[in-house]
Amino acid sequence: MTDAKETKTWFSQQVEENMDSLYSVAFRLTKNRSDAEDIVAESVIKAWTSIDKLENRNRFRPWVFRILHNHFISGYRKQSIRPTESSYDETSGNENKEEISSLLIKEPDEFLHWWANPERTLTNTLLGEDIMTAIETLPESFRTTIILVNVEGLSYDDAAIAMNVPPGTVRSRMKRGRTLLQKALWAHAKDAGLIKSDNKREQTA
Amino acid sequence: MNDETDKNEIEQIDCMEAIDNMYAYLDDELTDEDTLLKFKQHLKHCDSCYTRSEIEGVISERIKSSGKGKAPEALQNRLHDILGKL
């Protein structure tokens with residue numbers, strides 16, 4: 001097999017294996033099926049035309065996610081305005097300590113009792129789709145980080161490659177993103193009537 | 001090493017520091033052995049952080065199992081078409 005043919009075969013195999021992952025990440029970024037399909041198709045074409053720049057084939061996944069993420073940032077994200085994004089930007093150097101301390105610290109009794117109560121287990125009250133809905137409310141940088149690490153199983157180093165940031169930023173984004181997710185879940189639980197709106201824990205039967 | 005020895009011989013970390021390391025721990029990214037040991041010791045002696053860690057672990061599992069999607073057939077066909085023309 002010639003090198004060129006071997007490369008095509010290998011590339012096609014990688015795309016086949018990562019098709020679902022690419023779509024999943026694109027969908028979480030764009031929140032739109034049609035846009036997600038376009039961004040995946042265009043990213044695959046871009047990846048093929050840039051294949052010579054991939055130095056280590058073992059890093060295909062973070063590399064192709066990076067192409068997809070860059071494509072989203074340079075094109076699709078510009079189409080929408082997300083004013084809340086800047087307030088969460090870790091590059092601002094103005095980390096909110098209260099936010100980092102998390103709801104678990106701020107409201108330990110209510111939160112821990114509700115989540116840890118064996119009579120109202122997490123599995124019974126909060127479905128995976130509830131959590132994914134809450135993730136969709138997060139600012140894009142945190143949403144992307146959580147999806148790449150927790151859904152796609154990328155290491156912090158690989159997620160850093162995918163998002164073109166230092167590994168330390170991935171760690172920071174995970175911490176802040178998951179902290180924000182707690183708050184979003186807490187709000188969702190209130191809205192869904194899983195806990196009383198006055199913050200008092202429901203009595204268990 | 002018993003619990004008392006653990007408390008005495010290993011430098012303690014507080015809850016804030018434990019939470020600071022919690023997600024890296026859950027993501028198998030807490031690789032510094034000294035930090036990992038201190039974190040585990042903290043969980044051993046702090047019911048609150050232990051519970052938090054358990055809860056966050058459940059959320060991580062739930063995200064992992066729920067976040068996966070399947071590429072729509074139209075996209076699969078579109079990609080196959082692209083790959084066929086390489």
Side-chain angles (χ1 to χ4, degrees), chain A residues 7-8 11-13 15-16 19-28 33 36-38 40-41 44-45 48 97 100-102 104-105 108 111-112 115-116 121-123 126-132 135 146-147 149-153 155-157 167 170-171 174-179 181-182 185, chain B residues 13-36 38-39 42-43 45-86:
Chain A
T7 300
K8 280 184 185 179
F11 180 80
S12 297
Q13 189 180 352
V15 171
E16 288 281 357
M19 207 176 274
D20 292 340
S21 290
L22 287 167
Y23 175 73
S24 292
V25 173
F27 182 76
R28 299 295 172 192
R33 176 174 167 163
E37 291 189 19
D38 285 346
V40 170
V44 165
I45 293 170
W48 174 247
K97 293 293 182 189
I100 294 302
S101 71
S102 93
L104 288 171
I105 288 278
F111 197 89
L112 285 176
W115 287 74
T121 59
L122 192 60
T123 39
L126 209 57
L127 302 173
E129 61 192 74
D130 295 320
I131 298 176
M132 296 313 296
I135 287 175
I146 290 174
I147 294 299
V149 173
N150 287 149
V151 177
E152 296 304 328
S155 67
Y156 285 7
D157 283 348
V170 175
R171 181 185 164 117
M174 279 303 295
K175 190 171 59 181
R176 300 185 72 185
R178 289 290 296 262
T179 299
L181 179 61
Q182 285 175 24
L185 287 172
Chain B
I13 59 172
D14 61 19
C15 292
M16 286 298 289
E17 195 174 341
I19 289 177
D20 191 54
N21 288 308
M22 189 170 285
Y23 299 105
Y25 170 75
L26 292 169
D27 295 329
D28 289 326
E29 296 278 351
L30 196 57
T31 52
D32 179 77
E33 284 188 18
D34 185 52
T35 308
L36 180 62
K38 287 176 184 173
F39 176 79
H42 183 85
L43 288 196
H45 301 293
C46 178
D47 289 342
S48 177
C49 284
Y50 176 80
T51 303
R52 290 168 196 178
S53 177
E54 291 285 297
I55 291 168
E56 290 294 353
V58 170
I59 294 175
S60 288
E61 286 302 314
R62 200 61 53 81
I63 293 171
K64 185 178 181 181
S65 60
S66 304
K68 291 278 187 186
K70 188 158 180 58
E73 195 174 338
L75 175 61
Q76 292 182 36
N77 293 335
R78 190 170 165 185
L79 292 177
H80 289 148
D81 190 47
I82 292 169
L83 295 174
K85 292 176 181 171
L86 295 181

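Labels below follow one simple rule: chain letters A, B, ... track the order of the sequence lines, proteins then strands, and each chain is numbered from 1.
Salt-bridge check for A:D20 with B:K68: failed, with every basic side-chain N at 4.0 Å or more from each acidic carboxylate O.
Looking at B:E29 and A:M174, their side chains never come closer than 4.5 Å, going by heavy atoms from C-beta outward. Contact check for B:P72 versus A:E37: side-chain heavy atoms found under the 4.5 Å cut-off. Taking 4.5 Å as the limit, every side-chain heavy atom of A:N150 sits out of range of all side-chain heavy atoms of B:I59. In this structure the side chain of B:N21 never reaches within 4.5 angstrom of the side chain of A:K175, judged on heavy atoms. In this structure the side chain of A:M19 never reaches within 4.5 angstrom of the side chain of B:K70, judged on heavy atoms.
Applying side chain to side chain contact (heavy atoms under 4.5 Å, CB included) to B:L79 and the options A:L22, A:V44, A:I45 leaves one that passes, A:V44.
Closest non-hydrogen pair, B:R62 versus A:G128, comes out as CG-CA, 3.4 Å. The minimum heavy-atom distance between B:L30 and A:R171, with the atom names listed, is CD1-NH1, 4.1 Å.
The environment of B:D14 atom CG is dense: over 12 non-hydrogen atoms of other residues, nucleotides or ligands sit within 6.0 angstrom.
Interface check for chain B: of the options A:F11, A:F27, A:Y23, the most heavy-atom pairs under 4.5 Å are formed by A:Y23.
To the nearest 0.5 angstrom, B:I19 atom CD1 is 8.0 Å from A:T179 atom OG1. Here the CD1-CD distance, from A:I131 to B:E61, works out to 11.0 Å after rounding to the nearest 0.5 Å. Taken from CD1 in B:I63 to CD1 in A:I135, the straight-line distance is 4.0 Å, to the nearest 0.5 Å.
In this structure, the portions of A:R178 lying under 4.5 Å from any heavy atom of chain B include both its backbone and its side chain.
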